[in-house]
Protein chains: 2
Amino acid sequence: MDATQPDLSTSARRLLAGATECFAASGYQATTTRDISNHANLSAGSLYVHFKSKEDLLYELIRSAHGELLTALRALPDPAAGSELQLVTDQIRTVTHWHVENHLLARVAQTELPNLSDEHHQSVREQRAAIESMLTTPVVTGCEAGVFQCADPRLFVRAILSLSIDVIRWYAPNGRYTAADLAQSNVEILSAYLLRPGS
Amino acid sequence: MDATQPDLSTSARRLLAGATECFAASGYQATTTRDISNHANLSAGSLYVHFKSKEDLLYELIRSAHGELLTALRALPDPAAGSELQLVTDQIRTVTHWHVENHLLARVAQTELPNLSDEHHQSVREQRAAIESMLTTPVVTGCEAGVFQCADPRLFVRAILSLSIDVIRWYAPNGRYTAADLAQSNVEILSAYLLRPGS
DNA sequence: GTCTATAAGTTGATAGAC
DNA sequence: GTCTATCAACTTATAGAC
């Protein structure tokens, strides 16, 4: 999955999966290391064989979540000149889709940042700046090329992220909508703004 | 402010204000009752003279936050037939404005719901259903009247709430944008969808 | 690598003096 | 209504047997 951490033992992976469920359901602070260990069918002390601390485990989750989203965005094809709208809509679909499909991990990654150490928080901030930058580029380029119109690319990128990320607050599987439904809805709402007549 | 709780002592109000800051900064679980008491210049045990428990204090914050937003929405003028777009944009402005202007309290109200008791949670869910219902009505009516077009009013109302609420994740005073800026941006993005050509 | 036992500190809430 | 003192329970993390 991630070249920077290829050799996780199965116990470590079970701990990460258990922690994702616990943190997503109850929050980082309300989750005890025993909760996590039990979810992984291990006993209390065993967590510390695989992770330096509870915070270290949280960092591993948040770091890999942002890494996955970055990888998905980097896989999108570059736009031909004049077709920046295609890349923007591809990105909206990708970000929405990832947050829906990984809504538990995404909830942890988006809500538990303040519980990271300063160093870890800084490291994640860099990943987040990279994501924001990737989303901003085609919006600015498309505006300059006159392909679509956007009063403030910074606020438009915030809107992309707000609509995509906010699903973590309310999405539940087996609900009314699929990930594709939600991605399509976000694309339609946001592209209507870019293509609105009477600028 | 709120007819259902008119006689808070100044100590109680200082505790509520201190708890808002602490919960918004560190989360409900990471905040201790001593943190709250100290912020209100009181000592440990005094909190329990004014509130039955830490959870009771949280409920009071979340309940009044939702009450304030409901009151603001109810104050908007009813639309003349055919001008439902006016009410929808008024609502978008109101919801965005309230979340920006009260971003600390709003953060608590939107993120700490799972820490309420079942009874209190149910009570807040009813307030939230009332808000969602108030936002849905003019969207549906305007669609039926052909004033604007909306494929799925439920998803559109979610988009209103997502764009308005998500400011609590990143807004900071003294930043680049005012509440009016953000309200205006949300109105423009969302109304462009309702008024898009080629339905 | 897993377990049990335990250390050292913190928590929400109560009791009782003033 | 405020304070200090305190309880009982719980927390992260470590130590040492297997």
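All heavy atoms count here, side chains included; hydrogens, waters and symmetry mates do not.
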Integer-rounded Å distance: D/dT2 P and B/Ile36 CD1
15 Å
Might you point out which heavy atoms bring A/Ile168 and A/His99 nearest each other, and give the distance in Å?
CG2-CD2, 4.2 Å
Indicate, with a heavy-atom threshold strictly under 4.0 Å, whether A/Ser46 touches base, sugar-phosphate, or nothing.
base
Would you mind reading off the distance between A/His50 atom NE2 and C/dT2 atom P, rounded to a whole angstrom?
4 Å
Length of the line joining A/Lys54:NZ and D/dT11:P, which is rounded to integer Å:
9 Å
For A/Glu84 against A/Pro79, the heavy-atom pair lying closest together
CA-CB, 4.2 Å
Taken to the nearest whole Å, CG/A/Leu42 to C1'/D/dA13 is 16 Å
Over how many whole Å does the gap from A/Tyr28 atom OH to D/dT11 atom P extend?
14 Å
Closer than 4.0 Å, any side-chain N/O of B/Thr33 to the OP1 or OP2 of C/dG12?
yes
Any chance the rings of A/Tyr193 and B/Tyr193 have centres within less than 6.0 Å?
no
Using OP1 and OP2 only, check whether a side-chain N or O of A/Tyr48 sits under 4.0 Å from D/dT14.
no
From the options C/dG1, C/dT4, D/dG1, select the nucleotide whose nearest atom is closest to the side chain of A/Ser43.
C/dT4
What's B/Ser9 touching, base or sugar-phosphate or nothing? Going by heavy atoms closer than 4.0 Å.
nothing
B/Asn41 CG to D/dT2 C1', straight-line distance once rounded to whole Å
13 Å
Is B/Thr10 touching bases, backbone alone, or none of the nucleic acid, heavy atoms closer than 4.0 Å?
nothing
Within the pair B/Ser11 and D/dG1, is there a side-chain N or O less than 4.0 Å away from OP1 or OP2?
no
Mark yes or no for whether A/Thr31, through its side chain, and A/Cys22, through its backbone, hold a donor-acceptor pair below 3.5 Å.
yes
Between atom CG in A/Asn38 and atom C1' in D/dT11, what is the gap in whole Å?
14 Å
Under 4.0 angstrom, heavy atoms only, what part of the nucleic acid is B/Leu47 near: base, sugar-phosphate, or nothing?
nothing
How close do B/Tyr28 and B/Lys54 get, heavy atom to heavy atom, and via which atoms?
O-NZ, 3.0 Å
Consider the side chain of A/Ser53, meaning its heavy atoms from C-beta on, and name the nucleotide among D/dA13, C/dT11, C/dT2 that approaches it most closely.
D/dA13
Round to a whole Å and report the spacing from CZ of B/Arg14 to P of D/dG1.
13 Å
